[in-house]
Amino acid sequence: MSTQPATAPLLIACALGIEHLALRTGDRGGAGGPVTLLRTGMGPKAAERSVTRRLADPALAGAAVLATGFCAGLAPGMHPGDLVVAEETRDPDGTVPCVETDLLVKELVRAVPGRTVHTGPLTGSDHVVRGHERSDLLATGAIAVDMESAATLLSAVRAGERPVAAVRVVVDAPQHELVRIGTVRGGISAFRVLRSVLPAFHEWHRSLLLPRR
């Protein structure tokens, strides 16, 4: 990975208004370079369009990109409010490896004590995954699924060399399936966890700005 300039920005991308609200109200200032919070809209196509357009801004040249928001857990034993740190994102268009995942895990454990952090592949879908689709995706090795992370990171690296990562909060799981995403609005644990993750993202970003030996 190339050394980042001292003012390299961070673009944090999420899809939903409720995710954007959690991140915006949880942000107490960062320790790295400038941070931009982008709401892409729902689905891989919306994420691709929004991220590509935003990264065309010269002010975001070389920006690190982190995809976040809610996801569906695939593995038995996952619970709403658990965290997923992607080792890679994948969808039919390609696979993107994530950067400094060990640091993200460490910082998330510090930022949200008591929450389980899972690591592994995060897969993309163009629709909300339910029922038997979960076990089918789990059989591919993925531990969680969402609609935007893979498209976000693939668009980011296609726009230029940069560090990327994805961190998601489990909002439903095999034994805790939601009927509709609107039930998140009731203030359940996933929303509260997402409000708490910004310090970990800032530390990840700060580490990218440190000189490499």
Side-chain angles (χ1 to χ4, degrees), residues 1-14 19 22-38 62-90 95-123 141-146 148-150 152-153 156-157 161-171 173 189-213:
M1 183 183 68
S2 59
T3 301
Q4 296 294 295
T7 57
L10 170 63
L11 179 66
I12 300 174
C14 64
E19 296 167 338
L23 293 163
R24 182 167 48 82
T25 57
D27 193 2
R28 299 176 182 84
V35 177
T36 297
L37 182 58
L38 174 67
V65 173
L66 193 152
T68 194
F70 301 129
C71 71
L74 299 175
M78 282 184 158
H79 296 88
D82 286 1
L83 287 145
V84 172
V85 175
E87 294 175 342
E88 64 182 28
T89 59
R90 52 168 77 155
T95 299
V96 179
C98 297
V99 171
E100 298 279 7
T101 55
D102 289 347
L103 176 67
L104 270 171
V105 171
K106 182 182 77 171
E107 294 299 334
L108 286 165
V109 168
R110 180 181 301 173
V112 197
R115 292 293 176 181
T116 302
V117 182
H118 306 269
T119 60
L122 176 62
T123 194
I143 64 167
V145 58
D146 76 271
E148 298 85 23
S149 291
T152 292
L153 298 200
V157 298
E161 183 183 357
R162 68 189 72 247
V164 294
V167 175
R168 290 275 169 171
V169 181
V170 175
V171 74
S189 59
F191 180 86
R192 296 194 298 269
V193 171
L194 192 58
R195 284 193 65 189
S196 303
V197 297
L198 266 297
F201 295 175
H202 292 311
E203 283 301 309
W204 176 80
H205 183 216
R206 187 185 67 81
S207 78
L208 301 175
L209 305 180
L210 297 175
R212 298 293 188 234
R213 295 185 178 183

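Numbering starts at 1 and runs along the sequence shown.
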Could you give me the CA-CA distance, side-chain angles and deciding distance for V170 and C71, then say whether side-chain contact (heavy atoms from CB on, under 4.5 Å) is met?
-> CA-CA 5 Å; V170 175; C71 71; 4.0 Å; yes
| said: Checking the side chain of R162 only, and the main-chain atoms of V65 only, is there a donor and an acceptor separated by less than 3.5 Å? | reply: no
Heavy-atom closest pair (L194 atom, V197 atom, distance to 0.1 Å) is O-CG2, 3.2 Å
Those residues at least two apart in sequence (or on a different chain) that pass side-chain hydrogen bond (donor to acceptor under 3.5 Å, both in side chains) with R90 are E88
Heavy atoms of A166 and C98 approach each other most closely as N-SG, 4.0 Å
Test side-chain contact (heavy atoms from CB on, under 4.5 Å), reference K106, set L103, L104, L108, output is L103
### Task
Answer yes or no: is there a donor N or O on one side and an acceptor on the other, between the side chain of E148 and the main chain of C14, under 3.5 Å?
no
Using the rule given for side-chain contact (heavy atoms from CB on, under 4.5 Å), can you reason through F201 versus H205, listing the C-alpha separation, both sets of side-chain angles and the distance that settles it, and then say yes or no? CA-CA 6 Å; F201 295 175; H205 183 216; over 6 Å; no
When you measure from the side chain of R168 to the backbone of V84, do you find a donor-acceptor pair of N or O atoms at a distance under 3.5 Å? no
Of all heavy-atom pairs linking V193 and G81, the shortest is CG2-O, 3.6 Å
**Study point:** Backbone of V167 reached by a side-chain donor or acceptor of T68 within 3.5 Å
**Key:** yes
| side-chain contact (heavy atoms from CB on, under 4.5 Å) evaluation trace for I12 with L198 | CA-CA 10 Å; I12 300 174; L198 266 297; 3.8 Å; yes
Applied to residues 69-78, the salt bridge (charged side-chain N to carboxylate O under 4.0 Å, His left out) test, sequence neighbours excluded, yields none
